[in-house]
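Letters A, B, ... are given to chains in the order of the sequence lines, protein chains preceding strands, and every chain is numbered from 1.
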Amino acid sequence: MVLCGIDETIQKGEKVVVIGPSGSGKSTFLRCLNLLELPTEGEIWFEDYNITDSKADINRIRQKMGMVFQQFNLFPHLSVIENITLAPVKLGIMTKEEANRKAMELLERIGLTEKAEEYPNQLSGGQKQRIAIIRALAMNPDVMLFDEPTSALDPEMVGEVLDLMAQLAAEGMTMVVVTHEMRFAKRVGTRVLFMDEGKIVEQNTPDEFFDHPQHPRLIEFLSKIL
Amino acid sequence: MDRFILWIEGVYQSVFSWAEKVYQSFYDAIVPDQRYLAYLSGLKVTIIISILAIMLGIVIGITVAIIKVTSTNYKLKFLNTICNTYITIIRGTPLMVQLLIIYNLIFTSRNTNEMIVGAVCFGLNSGAYVAEIVRAGIESIDRGQMEAGRSLGLNYMKTMKLIILPQAIKNILPALGNEFIVLIKETSVAGVIAVTDLTKAAQYIGSRTWDILPPLIISAICYLIIVMGLTRLLAVFERRLARGDRH
């Protein structure tokens with residue numbers, strides 16, 4: 001059993017950071033939130049809808065949730081701007097012109113407008129991940145889910161991605177972030193969760209969490225990595 | 001010394017007369033009674049059957065592959081079983097036996113064009129292999145691509161159409177080209193169901209001239225030219241497809 005007895009509520013505007021050892025179920029927990037993993041038991045409610053209900057329109061619901069993956073998952077056969085505009089246009093949310101305009105705005109925000117017609121394989125890891133983030137933002141989601149967004153990056157590029165995420169946080173985006181970047185948790189998080197063997201073992205505000213850990217497992221974990 | 005010169009002359013004579021005989025036998029296999037037309041008409045049949053068969057094979061193959069790929073997601077268990085049975089039977093029995101069975105099944109009921117029967121049979125056979133090619137091509141695309149598409153709110157079909165399939169085609173086309181080349185050579189057994197393809201035409205001419213080797217060699221050369229041409233074309237195509245993959 002990967003997850004066991006998780007019962008959590010995430011409020012709008014929170015930045016929840018989930019940390020824990022490998023196999024603790026933190027990625028599974030995150031992926032359950034947009035039903036990339038299907039829970040065998042229990043319910044998940046998003047904006048007053050039970051998304052685990054069999055009649056739920058999961059595609060509609062996912063439009064309101066943005067996800068950022070460890071391996072970026074940009075579409076290699078499409079240019080950068082096509083990557084960003086694909087979903088809004090094909091789902092009928094924006095016309096091609098509106099989508100292109102929005103995409104260029106977002107690219108300008110991260111300073112990559114000159115890359116609009118280039119292809120993902122011509123970009124660095126940090127650029128790819130920042131573009132993956134704005135691709136998710138193009139759908140105007142209500143919450144952004146980050147699954148170890150910097151774990152596959154060269155150390156030099158981690159900063160630019162975390163900076164973008166911090167900007168999003170400052171603008172009020174609700175975020176759930178699975179990460180190993182403890183300083184980010186301290187800097188941006190409103191709540192930090194520690195998961196171990198499928199359970200949420202401890203959670204607190206970042207300061208309390210890192211300065212006064214309670215659970216022995218967390219104390220052990222923090223001692224090894226800080 | 002004179003004996004040596006005589007011996008050289010003797011060897012020369014034998015080689016010359018052997019070369020003349022070979023030339024004559026090839027000449028007889030091509031020119032009298034406008035026999036070259038027989039090769040051309042056989043070649044035409046081979047090409048028509050191959051093209052019809054690969055088209056049918058692609059239609060069947062894509063359908064079966066999509067059923068097999070999507071049945072892991074939705075409840076298409078029944079269709080999936082039919083597809084698996086089809087693939088098992090086609091891949092488990094010899095092509096020639098399939099040809100003979102289908103020919104005898106259809107010919108006992110109606111008077112039909114053998115060339116069409118042949119094309120249908122080769123197409124059915126090809127379909128099973130094309131299905132595996134397409135399925136492998138689709139499944140070779142990283143899972144993350146489907147997850148990214150779905151997480152943006154695109155449904156399964158849209159993600160398939162816009163994200164997975166365009167990438168899968170890059171993997172599928174070279175393998176498909178190879179299947180086409182194999183198919184062209186396989187059509188040489190069409191003679192067993194009374195289709196006058198290139199090979200059968202060569203055999204026919206051989207029976208008229210009582211010398212079967214030259215016509216067979218001529219037909220082999222024809223197949224070789226076609227296959228080499230297609231292989232070259234395929235290589236150009238593959239290079240064009242790979243142009244976008246700079247790393």
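The minimum heavy-atom distance between Pro166(B) and His77(A), with the atom names listed, is CB-CD2, 3.6 Å. Between Gln145(B) and Pro76(A), the closest heavy-atom pair is OE1-CD, 3.5 Å.
The neighbour count for Glu41(A) CD, taken as heavy atoms of other residues, nucleotides or ligands under 6.0 Å away, does not exceed 12. The environment of CD in Glu197(A) is sparse: at most 12 heavy-atom neighbours from other residues, nucleotides or ligands sit within 6.0 Å. No more than 12 heavy-atom neighbours from other residues, nucleotides or ligands sit within 6.0 angstrom of CD on Glu108(A). The local environment of CZ in Arg109(A) is crowded, with over 12 non-hydrogen atoms from other residues, nucleotides or ligands closer than 6.0 Å.
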Q: Take Leu162(B) and Leu78(A) through the side-chain contact (heavy atoms from CB on, under 4.5 Å) test and state the conclusion after the steps.
A: CA-CA 10 Å; Leu162(B) 299 167; Leu78(A) 298 176; over 6 Å; no
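Of the listed residues (Leu154(B), Leu152(B), Asn155(B)), just one forms a side-chain contact (heavy atoms from CB on, under 4.5 Å) with Leu91(A), and that residue is Leu154(B). If you run side-chain contact (heavy atoms from CB on, under 4.5 Å) between Glu147(B) and each of Gln71(A), Met67(A), Arg31(A), only Arg31(A) comes through.
Between Arg150(B) and Asn59(A), some side-chain heavy-atom pair lies under the 4.5 Å cut-off.
Within the 3.5 Å criterion, the main-chain N or O of Gly144(B) finds a donor-acceptor partner in the side chain of Asn73(A).
With a 4.5 Å cut-off on non-hydrogen atoms, Phe75(A) touches chain B through its backbone and its side chain both. Neither the backbone nor the side chain of Leu35(A) comes within less than 4.5 Å of any heavy atom of chain B.
For the atom pair OG1 (Thr159(B)) and NZ (Lys90(A)), the distance works out to 12.5 Å, reported to the nearest 0.5 Å.
For a heavy-atom cut-off of 4.5 Å, chain B lies close to Arg135(A), Ala136(A), Met139(A) in residues 132-162 of chain A.
Every residue meeting the side chain to side chain donor-acceptor pair (under 3.5 Å) condition with Thr93(B), not counting sequence neighbours, appears here in chain and number order: Gln98(B).
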